[in-house]
Every structure is written in C-alpha cells, then in structure tokens.
Number of protein chains: 2
Amino acid sequence: MSSSSVNKTAHPFDKARLEALLSHRFFYAPAFEIYNGVAGLYDYGPAGSALQANIIAEWRKHFIIEDSMLELDTTIMTPAPVFETSGHVARFADWMVKDTKTGDVLRADHLVKNVLEVRLAGDKEARGEAAKPAEDDKKKKKKNVKKVAVRLADDLVKEYEVILARLDNYGGPELGELCRKHDIRNPDTDNEVSEPQEFNLMFTSSIGPTGKVPGYLRPETAQGHFLNFSRLLDFNNGRVPFASAQIGRSFRNEISPRAGLLRVREFTMAEIEHFVDPLNKNHSKFGEVRDTVLTLLDRDVQAAGGTQVVQLSVGEAVDKGVIANETLGYFMARIYTFLLKVGINPERLRFRQHMSNEMAHYATDCWDAEIQNSTGWTECVGCADRAAYDLTVHSKKTGHPLVVKEAIEPPIVTEKDVPVFNKKLLGGTFKRDGQTLQHHLESLAEPELLKVKEELAKGKASVTVDGKTFEVTPELLTIERRTFKQSVREYTPNVIEPSFGLGRILYTLLEHSFWCREQDVDRGVLSLPPLVAPTKVLIVPISAKKEFEPLTNEISAKLRRAGVFSRVDDSSVSIGKRYARNDELGTPYGITVDFASVKNRTVTLRERDTTDQRIGSVEKVIETVTELVEGGIDWAEACQRLPAYDGVQAVD
Amino acid sequence: MSSSSVNKTAHPFDKARLEALLSHRFFYAPAFEIYNGVAGLYDYGPAGSALQANIIAEWRKHFIIEDSMLELDTTIMTPAPVFETSGHVARFADWMVKDTKTGDVLRADHLVKNVLEVRLAGDKEARGEAAKPAEDDKKKKKKNVKKVAVRLADDLVKEYEVILARLDNYGGPELGELCRKHDIRNPDTDNEVSEPQEFNLMFTSSIGPTGKVPGYLRPETAQGHFLNFSRLLDFNNGRVPFASAQIGRSFRNEISPRAGLLRVREFTMAEIEHFVDPLNKNHSKFGEVRDTVLTLLDRDVQAAGGTQVVQLSVGEAVDKGVIANETLGYFMARIYTFLLKVGINPERLRFRQHMSNEMAHYATDCWDAEIQNSTGWTECVGCADRAAYDLTVHSKKTGHPLVVKEAIEPPIVTEKDVPVFNKKLLGGTFKRDGQTLQHHLESLAEPELLKVKEELAKGKASVTVDGKTFEVTPELLTIERRTFKQSVREYTPNVIEPSFGLGRILYTLLEHSFWCREQDVDRGVLSLPPLVAPTKVLIVPISAKKEFEPLTNEISAKLRRAGVFSRVDDSSVSIGKRYARNDELGTPYGITVDFASVKNRTVTLRERDTTDQRIGSVEKVIETVTELVEGGIDWAEACQRLPAYDGVQAVD
C-alpha cells in the first residue's frame, strides 16, 4: 500500500476522540487533576513533553542557530516598577463582566462572541443551512448556550457578522453597550451581566520577608531582553542589527479560561527581539525569503467587516507596503517555514494584521500567524514592531542609556554660522539680560543670524528679545563661520518581535495530525512528522521472552548511537495493540523482532500512516530508518531499498 | 607547548577576577540591574544560557535517555491545598531574626555561621596561624563583620567548631539560645537580634479574578510528579520500577540571599522521582556502578562534630549499610559521573549524609552531593529517599488511590478455617447480638477458632463476648476449612529522588574551570570541557575584509552540518584580543583564516589551554576539530594529525 492510498479524511474530525486520545496517552492533562484541577493549568506528560522538547529544539535550530541570535534566560519574578514603566500595570488587562446574581466572572469579549455565534448558528438551522449538526451540537453543549433554531432578520445577521469580525477592536464601554443592545446574558444562568470592568492579567506576589517589595510574574519574556539591552549590545561588539532569543515560562491570570491549551494561565513561550536601526529596517537575508508566498488578512479588510485573504509573496507584500518593512517580512516568512516544518497544514495558516485599537500598547504594527482549528482561527505567533517604545520608557525611568552609538565614517562635516561673544563685555553691558540675549542669538535660524551679521558689518545691530531691544556692537558680538564634525550617531533601536505560544502551536499541530483509519474509526493516528514525533522508532519484540533481549538491546543501542530516539515495548499485549498504541503516540516507524530475527538477523520495518511493512537485515533497517528520521529519504525511497514483508521472515 | 606544561595554579584563585569576567562576558548578571536589582534574582546572558543549555542537554542524555525515564513538564502555579497536604505550608520554612533596632531581617543559621567563622579566623590570626590573609580580608569585607585578631580560649574554639559542624541540625529555639549565649549580633549594625521566627519560603499568589483561590509558586518540581503518578504508571504499562524526570523553574522566597548563584529566589532544577517497590530497592543496573568510588561524609561523623570523609566504592558502602540501598547508591554513582562529565573537579566533590533533624520533613535518608567552592562546601544535588510519604498523603487527602497493583504469579494459595453461619437462625436466636457474635468469631485467631470447632463437635460451644456468653449449636455455626487465592498485591511505591540545582552546578563549575595565564594574571581562562562550552569553535578571519567571507562562511556551514556550534568573530580588534575574549568565554578551539587560507585552503587550529597552534587543510581541520568536540580524540592525538604552526602558513 503506498502512502498516497491512505484516506485520512474517511471520517470527519472528531474532537472528542482526539481529546480522549491525548488524555489517555498522556500528552497532557489538567494540572492538579486529583485535586479537581484549576482552570487554565495543564501538565505535559511524557508524550507531550517530548513533542514540546522537539518543537523547541527545532525552534532553536531554525531561529537561534540559523541567525546567530543571542540566547537569554531571564527571571520570571519581576519587581513592580519594571511593569509600571513598561505600561503593563496600567494596560495589560482584559474586560470582565459579572453575572448580576451569581457573581460568576466572564470575559466580556468571549461572552459576546459565544452568544452571537450561537444565535447565528440557530439562524442557519432555521434557514435550513446548518452544515455540521454534529459539530454544532458539541459547541452548544460545551458552552452551555441553548441554541434555538430561530431565524433572525437579514440586517441583524449582517450586524452580528460585522460585530464578530471587529470584535478585537472593541473596548469595555462598547462591549457593555453591545450586551445591553443585544440582550446578551450569562448563558449558564440566563442572568444579566454587569458593566465591563478591567482586570489586570498579571499574577501578583511579594518578594522577600518584609512584604514591602511587590512583584509580578512576567506575562511575556520580552522585558528581560530589553533590560539587558546594554549587555547584549556589548556582547555583540556594539553592533546592530542583532537579535536576542529566549524560551521560557510566562503567566497570565486569565479571567475564565475554557479552551484547553489554547488559553492557559501558565505557558512556555519563545520570543525573539530583533534590534534594528529605525532608519533602516531592511534585512540582509531578505532575498532568501522574497518568494515565500503567504496568506494575508490585512487590517483594512477587517475594519470593513470582512475576512477575505490574499496570497502574496513576501517580496510583493513589502513592495506594496502591505507589510511595513523587510525585517517584519523576513520574520513572517521564517515563521511560516518553521510552522510547516513542525507539521502545521499550510492551508490552515494565515497572517492577520492587528486593527489599530486591538494592538498592544507598545506596538506600531503587528501580524499574527493564526492557525485554524476546531475553535476557529487562533493566534499562535505574534510578529510585532514594538518600535523604540520599551527601550525608551525604561531608559527614561532609570536614567540608564539604552542606545546604540555608531561611528560615522567618514565623519559628517558641516559648516555653520555661530554667534561668538565677548563674554566680559556682554556681562558688563547687559548684566543679567546678557544671558537671555546670548540664548536668543544661539537659537536663531541661519537667515536671521545672517541679518544680524549684515547689520553688525554696518557697525551695530538691534536685537529684540521678549519685546526688549538690545543694541550690540562688533566688539561684543561677531558672527563666524565654523566647521562641525559629527563622528558618532546615537540612536534608540527599534524592535521587531516574533513571539511564539508553544502550547498553541502544539495543540493545533495535534489537531492537524489526527485522523482515524478508514476501516476502523476507533483506530486513531497522529501523523506527526518524524522531526517532532516524541519517539522516532518503536522496537517491538513479539514477546517479552528473554531470548529477544540481546537483539532488542543491540538495536536500541545502535539507534541511540545514531542519535535516533527509540523505545522498546515488550509489554504482554499483542503486537497489533502495541502498534495501535504507538500510532496514537505518533511514532512514525516500528521495528519488529521475532524468532526469525534472532536466527537470521532480519527485522521488519513498519511505517505508521500506511501500516506498510518492509524487511531487511538489522544493519540495513537501522541505516534506512536513520535516514528516514533525519529526512534524507522518504518512505517511497525506503521501499526501493527494502523488499515488502509478506508475513514470512526471510533471510536478507 | 604540551598541555601538561600549562601551569593553571601559577596564580591563586581570585574570586573578584572571576566575578568581573562572568559579568563582563555576560555569563549572568543581577536581574533588573538598571532598576538596581533585587537580591537573589539573576539573568543568564548568551554565554550562561548556552552553558546551562549544554549542561541540561547532557543531563537529559545521561539520565533520561540512558534509563528511559518519563519526562514531565508540570505547572509552577499551584493551588494551596496541594502544599497544605505535602506539608510545605506548615514546614517549608527557615528561621529568621530581626535586628532589634533597624528591623533588618537575617537568616538565623547564616548569622550564627558568619559570626562564629569570623571569630575563629580572628583567633587563628592571633595565634599566628592565619593561612590566607587575602581570602580572609575579602570575607570580612563582604560580610561586614569586623574581624579582630582576638585569641579565644581553647575550649571556646572547640565549642564553636562543634556548633559549626552541627549547624544544620539546629532548630529556631537552639539558634536563639546560641545567639544569646555567644552574644551574636547583627554584624552590619552591632545590634542585638530578636528570637528566631519561622518564615515560609514559598511565594504566594492568587489564581483567577475572584481573589478566592490562593496559590503558591512551587519550591520544587516533585509534587508535579506525584500528582501525576497514576497517569505515569499507566504510561509505563502498570510496571514498577520506573522514573519520571523534569527540568523546570522553581521558586524559594529566601530570607536574605547574598551568595550569588548559590542562593537564589528563582532557579532551574532537574528532578528525578524513581518509583520503587518498598520491599525491593535493588537496582537492575547496580552492577555497572558497583566499583565507582565515592567520597562520603556520614551522619555519625557529623553528629560527633567531625568532618572526616571516607573513600568507599558504592558496592562496599551499600554492603556495609552506609548507603541504605542499591537504588540510592546507583543514583549517587550516576550523579558522580555526571558531575565529572560536565567538568566538576572530583577532588572537590563529596557526598554528605543529612543528620536526622536536618532532613526535609518527607525524607527518610538523604545524601547531598556537595561541591567545594570559595564559600565552602555547597549542596548541589540532593539524593533523598522520600519513602511513601508524598503518595500516601495525597492519596489520603484526595481519595484517589496512588498505588501499584501487581499480579502475583502464581497466585498465593492459602487455607484457613473460617466460621460459617446459618444467618437466619443466628438472627432469630440472638437478635441484635447476632452481629456482635459474628464479628467476634470472624476476628478470632486460628487456635481459638479451633477450640470452638472442637466444642461444636461435642454438640455445643460457649462463646463469651464483652462479658456476655452465647451458646451456639452446630446448626447455627460450622467451622470450615476454605481455600484462599491472592492474585494481586497492592502497594504504595517508595520514591528515591535525585534533585539537581543547575545554577549551583553551573557556578561551582565556573570556579573549578577558572585560572589565569602564568605570564599574565589579567588573562583569565575558563577551561570548560568542550561538552558544555557555550561555543565549541571560534572562527577568526584576520580582518573583516570581504575576501575572507566565502571561506569563513564555508567553514561555518560545514561545522554546522557536523553539529559543531561555532561563532565567527570578525570584529576589528586584534586576533590576540579576540582569542583572549574567547578564552574567557571558555571556547576550546579556534580556527584562523588569513590570506594564505584563501590562497591555499589551509587554516590553523588553536587549543585554548595551551594556546598551541596547528595547521592543516580546511577539510582536515574540520574533521579533527569535530572529533575533538565529540570526545573521540584528545589534543595530543590531534597534534599527531596536524603539524605545528610555525607562524608561516604553508601549503598542506
């Protein structure tokens, strides 16, 4: 059976099945489960940890190593003044509403979204347009919203659609207004909700034993980069552009997280801060990505209530000004190739530009890489131009200069007319007014200064400052041509920030990888690319008998030496069950060891998606599977090298 | 010059120089430095992050991969009930004292230690025994303790020494008593201090918008393993022993951290929880470590006020009962080989057993891997037997069984005499007392039951329960021989926990690696092993001229393909300065590209410690340096392959 003959869409995507698989195979689970859990906190088990570690390893290679970025590992617990300066204390908040009777807290924008989406679904059903009743039913159940097949007026449908398209652009007062206008209530209780109030999303704590040093858990790793800017610049021998990078935990005290790994209170993120000359945001490697085609949803389309995307090459998008500059474009293209490498479906990936009110307080432009999944389109990577915002505010607050000093070679030489005073005579003649007069003359533009010069050439000049006129003589003042040399340029760099939510990428990847075998809907498979699969090769002795151990250990040791991560499964269930378990774990290859293996040193190699089996000598199979895992060959090529296995072990 | 001729101890260890180097080369720096920092919080820069990442990568290989451990990534923010159950809320605390006038807070045991050590140093000086005045001076200055050369009475010296040896064994009341008895005051102010009070070391926070869900930041990753025990056991197909492992951030709100990376409020740790049958703590791989010789300081020696160590093989130590069991011994040996691999000096490494009062509330035995450094001996890895403590308390609190069910094959068959009642007759005859009688008979030991049987055989038996006598007949009761089969054994596993403070290992490694060149004390070197060095190879074109770029890029790309991490330094300073900078960064090898390289495709290879230079073709040098970095060959062997460089580039 060839790979292309596998029908991965024989059964529609079934979220409940996927969730059962992820829980049962311990990709992740609610944290503190035996204590009944806490919303928005999850633990990764062995499969999830390995998947995450592999995504991180590839991230490090794709971004840090490829562009020689400077890695950092900075502190989570942060004293309050840092986030006061950065603006997070004042503005890093979401709008929440309270159920007016129960006091339950809901996030205002999510409430509006959920209620209107359900009403629109009810409308569709009433019009006989309901597409996927199964999906809708689940949505209804999950959100506790009673969907009723009620037909809405055509203009109301349009109004709801526009609200949903512009949702991220609304503030608290508008959300409150929407709740009143459209009678949006808490779907759990049908009670009215309060006016939206702001809730700051940072977790608070206190540092040290005195109780007098308030701290916050960082909601992003970025400030750790900015505060260390001078040290990083120094490490990079004073040169810009350069990028720092950090992978680490951040915390956001979400109001009411209910979306699994897509909205959590504690998460691992990977952030790059690329520091760049504000006068030159070109990128030296832009040529390498110019032809990468991206799916773009720009802010103008959204502001008009639309969601139509365009396909543009990055080069074209920058040329047309859709993407603001080359550096932003470079990173968007690099983000795109990274996401494809780890297994995201490119047809379910788009870049959406932020609308003006939606943008974080520090950003001047921002594009989100959004990945489509069962809940809709979810931001998984943000790519923002933070301009000079952060470095400027921290520098101003602390007095520590966070600037680049760049030698100008050759120095810029300029000539300028300047007033030159006889200071003694100036003071003697005008007393205190002398200084006022001096400052005035020094601030004059060249044409006016030349007028004074002309008058002086005639013996005397009149200068009026704040309505008071001074008579000055050539003894007291001369206007002279002087040469100035500027050899250093000082500037605050701008920052382009790609910021990755690793848990969101991991979850959407799991959705994109999941399918069920055509012949049996209960046999789920995760078609994870070998690059990120938790285990690359499963070694399966046909039984736990001692006689298989030497060969099993040998294969295991040889794969380890080749850098291929394998696991042995010698549990007592059937081979079929063990393979089914590993299909669920996304293990791409399996090596079976049986009696013939011990006798002839041949083993079979199984491919996960096709369940196709080939046979060959231990050495040849290890060599082939190593190349498969490293991406040097594909399964079709492996089949050229290894004959099909017909169920009877043969001598190679 | 050969490696052996390098004199690394020509200059005495100079902590101030090392600290300047670490700061200047941005291994790490105080976090929030431009905001004047917060004690006990540090950021790792590019060099420190890479060093840490390499230590972690080796840890993963040495422990997780080698023993097929199950990796986890669990949550830091933890709801309060978890740590109430684990005992941390009640007992995870240090004793603090307050300066009675200023209110400054000090950790009680550290205060006692600092003051007594300084008095002993003063005594030594008065006796003319002061060994290292330079070191002592720095200590004095750092701790603000005025050392005075005062001779103490001989028995007071002995008393102080015993206090210091037993320091970790004292609780708050004893520490208060010591302060009063020996007039120990705040050295910063000379004021008296308050009675010691407990201060809980967990950072507190609040989860969600209601303010009603208190949370703690975890002070260790261990609880995340225990709470997921059932899922882990299931993942491991229900079998024990197995180990879970986790690398992650933890937090401890230290009272007054002043020891750099050795005592911090936020840190990365790596923890293993090895779950084992309490009746069998042998380890299947113990044979592999049996002959590893460790330096041990056991609890009896310390309790007697001593610090004498013994050298014992792990096998011998377990046989003699010095180390409690094979699993504990296995991990101590594996910890030892890991620390040596990353570059810790084995002569400055010992395992110290905890004294009974010192042990954490959950531990039954504990050995610390202590590494000697400029502050003394510091715990860097703890290896504790937590027994069944954690699983038992969580299971009891939540009602969720955290146990192993083990099939007994063949089942244990036992025969037993049991009472069999005619229930109807029993109730009819004795009414409510029937049940009392039944319970009594069921709880009887076999000999007594047999007596009843004998009486019944004679027609009737008298049974007395709580002073009341019942007459029973054979119609009402028979004693029968029955067969019982036990096929499942249920038990709570014990846990052996190796727990690594990665920052402490990193810092002591930096101390062990640091030295200054004999000819120039200003030229510091970090002799980090290639395995953990932040950069493996520095590529140095003799100038930033464009003509070197193609070859520099080629070498860089080839090294990347070979998996060797390199950096190019084409900054404008001299080659000597660039190498000196990289000696400070611990970069073991350097490749120089000059005009002859471009012409002849030969480059030189420099070794960091010897500064020895060899020459060869680009291909041969890349091949050689790759093997050097992978540990396949050493520098002596590399010198066999590549001729010495005499300062004139030659055609290979």
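Note on naming: letters A, B, ... go to the chains in the order of the sequence lines (proteins, then strands), and numbering restarts at 1 for each one. Values in this document were obtained by computation on a predicted structure and should not be read as measured data.
The closest side-chain heavy-atom distance from B:Lys285 to B:Asp67 is below 4.5 Å. Counting heavy atoms from C-beta on, the side chains of B:Ser250 and B:Pro219 never come closer than 4.5 Å. Contact annotation: the side chain of A:Ile55 approaches that of A:Leu506 to within less than 4.5 Å [non-hydrogen atoms, C-beta and beyond]. Using a 4.5 Å cut-off on side-chain heavy atoms (C-beta onward), B:Phe242 and B:Leu233 make contact. Looking at B:Met77 and B:Arg218, their side chains never come closer than 4.5 Å, going by heavy atoms from C-beta outward. Put simply, the side chain of B:Leu41 does not reach to within 4.5 Å of the side chain of B:Pro30, judged on heavy atoms.
Ion pair A:Glu254/A:Arg263 flagged as a salt bridge, since at least one NZ, NE, NH1 or NH2 atom sits closer than 4.0 Å to an Asp/Glu carboxylate oxygen. Under the 4.0 Å criterion applied to side-chain N and carboxylate O atoms, A:Asp73 and B:Arg249 are assigned as salt-bridge partners. B:Glu266 has no carboxylate O lying under 4.0 Å from a charged side-chain N of B:Arg252, or vice versa, which leaves the two without a salt bridge. Salt-bridge check for B:Glu84 with B:Lys397: failed, with every basic side-chain N at 4.0 Å or more from each acidic carboxylate O.
Proximity to chain B is limited to the side chain of A:Asp234, based on heavy atoms less than 4.5 angstrom apart. For A:Phe235, the part sitting under 4.5 Å from any heavy atom of chain B is the side chain, from C-beta outward, and nothing else. Both the backbone and the side chain of B:Glu71 come within contact range of chain A, with heavy atoms under 4.5 Å apart. The part of A:Ser206 that comes within reach of chain B is its backbone (N, CA, C, O), which places non-hydrogen atoms under 4.5 angstrom from that chain. Contact of B:Asp570 with chain A is made through backbone and side chain together, with heavy-atom distances under 4.5 Å. Interface remark: B:Arg265 contributes side-chain atoms only to the contact with chain A (heavy atom separation under 4.5 Å). With a 4.5 Å cut-off on non-hydrogen atoms, A:Arg567 touches chain B through its side chain but not through its backbone. In this structure, the portion of A:Gln52 lying under 4.5 Å from any heavy atom of chain B is its side chain and not its backbone. For a residue to count as touching a neighbouring chain, one of its non-hydrogen atoms must lie under 4.5 Å from one of that chain's; by this rule A:Phe267 does not touch chain B. Proximity to chain B is limited to the side chain of A:Phe199, based on heavy atoms less than 4.5 angstrom apart. Using a 4.5 Å cut-off between heavy atoms, A:Arg25 contacts chain B through its backbone alone, with no side-chain atom that close. For a residue to count as touching a neighbouring chain, one of its non-hydrogen atoms must lie under 4.5 Å from one of that chain's; by this rule A:Ser244 does not touch chain B. Both the backbone and the side chain of B:Ser23 come within contact range of chain A, with heavy atoms under 4.5 Å apart. Heavy atoms of A:Val105 lying under 4.5 Å from chain B belong exclusively to its side chain. Neither the backbone nor the side chain of B:Ser395 has a heavy atom closer than 4.5 Å to any heavy atom of chain A. The part of A:Leu402 that comes within reach of chain B is its side chain, from C-beta onward, which places non-hydrogen atoms under 4.5 angstrom from that chain. For a residue to count as touching a neighbouring chain, one of its non-hydrogen atoms must lie under 4.5 Å from one of that chain's; by this rule A:Asp569 touches chain B with the side chain only. There is no contact between A:Ile64 and chain B, counting heavy-atom distances below 4.5 Å. Heavy atoms of B:Leu217 lying under 4.5 Å from chain A belong exclusively to its side chain.
Judged purely by distance below 3.5 Å, without hydrogens or angles, the side chains of B:Thr75 and A:Asp43 pair a donor atom with an acceptor atom. If you check the side chains of A:Ser230 and A:His400, you find a donor sitting under 3.5 Å from an acceptor. Side-chain atoms of A:Gln223 and A:His394 include a donor-acceptor pair closer than 3.5 Å.
With chain B as partner, the option from A:Val213, A:Ile65, A:Leu72 having the largest number of non-hydrogen pairs under 4.5 angstrom is A:Leu72. If you tally non-hydrogen atom pairs under 4.5 Å between each of B:Ile76, B:Leu70, B:Val38 and chain A, the highest count goes to B:Ile76. Most heavy-atom pairs under 4.5 Å with chain B: of the set A:Leu232, A:Thr268, A:Val264, this distinction falls to A:Leu232. Here A:Pro79 is the residue among A:Gly45, A:Pro257, A:Pro79, A:Pro81 with the most heavy-atom pairs under 4.5 Å with chain B. Most heavy-atom pairs under 4.5 Å with chain A, from the set B:Thr85, B:Asn36, B:Asp104, B:Val573: that is B:Thr85. In terms of non-hydrogen atom pairs under 4.5 Å with chain B, the most contact-rich of A:Thr78, A:Thr210, A:Val568 is A:Thr78. Ranked by heavy-atom pairs shorter than 4.5 Å toward chain B, the options A:Leu585, A:Asn253, A:Leu201, A:Ile255 are led by A:Asn253. With chain B as partner, the option from A:Gly224, A:Gly208, A:Gly40 having the largest number of non-hydrogen pairs under 4.5 angstrom is A:Gly208. Interface summary for chain A: among B:Arg239, B:Arg560, B:Met69, B:Met96, the most heavy-atom pairs under 4.5 angstrom belong to B:Arg239.
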task = Under the side-chain hydrogen bond (donor to acceptor under 3.5 Å, both in side chains) rule, what do A:Arg581 and B:Asn237 come out as? Steps first, then yes or no, please.
result = CA-CA 11 Å; A:Arg581 181 154 74 199; B:Asn237 300 324; 3.1 Å; yes

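Taking the six-membered ring where the residue is Trp, A:Tyr44 and A:Tyr28 present tilted rings, their angle falling between 30° and 60°.
Summarising the geometry, atom CZ belonging to B:Phe251 is positioned 13.0 Å from atom OG1 belonging to B:Thr204; distances are rounded to the nearest 0.5 Å.
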